[in-house]
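The structure appears right after this line, and notes come after that.
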2 protein chains.
Amino acid sequence: MEEKSISTEEKIKAAARTIFTRKGYAATKTRDIAEEAGMNLALLNYYFRSKEKLFSIVMAENLKKLFGILAPTLNDKSKSLDEKIAYIATSYIDMLFLNPDLPLFVLSELRQNPVWLRETLNVDAYVIGSHFMQQLQEKKKDINPIHFLMSFLGMLIFPFAARPILQGTAALTDEQYNQLMEERKKLIPIWLKCMLE
Amino acid sequence: MEEKSISTEEKIKAAARTIFTRKGYAATKTRDIAEEAGMNLALLNYYFRSKEKLFSIVMAENLKKLFGILAPTLNDKSKSLDEKIAYIATSYIDMLFLNPDLPLFVLSELRQNPVWLRETLNVDAYVIGSHFMQQLQEKKKDINPIHFLMSFLGMLIFPFAARPILQGTAALTDEQYNQLMEERKKLIPIWLKCMLE
DNA sequence: GTCTATAGAGGGATAGAC
DNA sequence: GTCTATCCCTCTATAGAC
């Protein structure tokens, strides 16, 4: 409620987001978060009741970031199928550039605790039942549109989830990796178009 | 060295594989492994020196399972590009059916500790420098073949990594999910062929 | 080889001074 | 609001009986 408190609370939340998202719930120590935030451990429990409470806030934010981008575009009836695909490919890769740890974090933690999905946002309505999925179904009547959604997201997300492996084994510099991801903004829509012919 | 010991040792290793692969290193308690193995906690440390030692064995096995399938086929010079793709799609999906937690486990743990890759198997030589990659390069001279590898693996792996989300949001029964994965054995090669035209 | 009991460290949470 | 000191539980690892 005080002036200072807002800044401190935000600092803790930012630190928690960083550490939790990078290491996951179990591997994260509250002491690490405090250190990252540049302050004492006791403040975590002063502002947020517990490690778990802090985590749930971070998780909700991350889920929103990961699905929030998707839902509005998927249901934008003014956009054609191709336009949706091109727009999502670009904006999703841009978002993943800024939040590279997000996909693996969400996939891992959600596997342990699938409850989150229902509680925070109802993805089923806005993703599975979206205008985008209807357009896919129309275009390819004999194939379940979920197939295309899985492939689309897989092509977008996998290179970020597997970045350490890719860079390690293919000996890619950061510049080379970044350039590849830039190229994918154009390539993935081309590929999807071809898959839908 | 005794007769009984082999069985017990294997039981522990199997339990460790299950729990570690499902929950990751940090979230796994040695007590859980002991319970899963149906025996006492002290036996873990009798057969394997520590939690970490046991983990490294499981990790090595999992890495081998995940990449071991790939390497021989990727370098089989008697197989055409299309044959390689078709064979890998089928065998990889079959393997993932049996080990659904494998990809997320390896991706997550490797992110924390990229050392593993170099130590256990040199993926760079057998995957990045494979005959498969050469074939891709020849077929599409103006596109980095890593793009196709990323998309191929993404399309194969993502549906398994995201299974809880998919099943939860799309309200898929296990049968429906399994059928989708079966369909992908044929669809993914068709899609890749089209991407390579 | 297998068990029970316990040592010892680490980490989440709180008390209480300022 | 912020800090130090500390409680207390959980978890890994080991000692020692059988």
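Everything quoted here is computed from the prediction, not taken from an experiment. Order of the sequence lines sets the chain letters (A, B, ...), proteins ahead of strands, with each chain counted from 1.
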Donor-acceptor contacts, no H, no angles, side chain residues 95-103 of chain B, under 3.5 Å, sequence neighbours left out:
residue  : atom : partner  : partner atom : Å
B:Asn99  : OD1  : B:Lys65  : NZ           : 3.4
B:Asn99  : ND2  : B:Met95  : O            : 3.0
B:Asp101 : OD1  : A:Arg111 : NH1          : 2.2

Would you mind writing out the side-chain donor-acceptor pairs for residues 188-197 of chain B within the sub-3.5 Å range, not counting sequence neighbours?
residue  : atom : partner : partner atom : Å
B:Lys193 : NZ   : B:Asp82 : OD2          : 3.3

Report, one line per pair, each donor and acceptor closer than 3.5 Å where one atom sits in a side chain of residues 32-42 of chain A; sequence neighbours left out.
residue : atom : partner : partner atom : Å
A:Asn40 : OD1  : A:Ala42 : N            : 2.8

Kindly list each side-chain donor-acceptor pair under 3.5 angstrom involving residues 145-162 of chain A, sequence neighbours excluded, with atom names and distances?
residue  : atom : partner  : partner atom : Å
A:His147 : ND1  : B:Arg184 : NH1          : 3.1
A:His147 : NE2  : B:Glu183 : OE1          : 2.7
A:Ser151 : OG   : A:His147 : O            : 3.1
A:Ser151 : OG   : B:Arg184 : NH2          : 2.8

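A:Leu44 has its CG atom 16 Å from the P atom of D:dG1, to the nearest Å. Atom CD1 of A:Ile12 and atom P of D:dG1 are 11 Å apart (whole Å). Between A:Glu9 atom CD and D:dT2 atom C1' there is a gap of 15 Å when expressed in whole angstrom units. To the nearest angstrom, P of C:dT14 lies 15 Å from CZ of A:Phe48. Between the C1' atom of D:dG1 and the NZ atom of A:Lys11 lies a distance of 12 Å, rounded to the nearest Å.
Residue B:Thr8 has no polar side-chain atom (N or O) positioned under 4.0 Å from OP1 or OP2 of C:dG1.
A salt bridge is defined here as a Lys NZ or Arg NE, NH1 or NH2 lying under 4.0 Å from an Asp or Glu carboxylate O, and B:Glu10 with B:Lys13 meets this definition.
Applying the side chain to side chain donor-acceptor pair (under 3.5 Å) rule to A:Gln176 yields the partners A:Thr173; only residues at least two apart in sequence or on another chain are considered.
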Per-nucleotide protein contact string for nucleotides 12-18 of chain D, where B marks a base within reach and S marks sugar-phosphate only (heavy atoms under 4.0 Å, - for neither):
BBB----

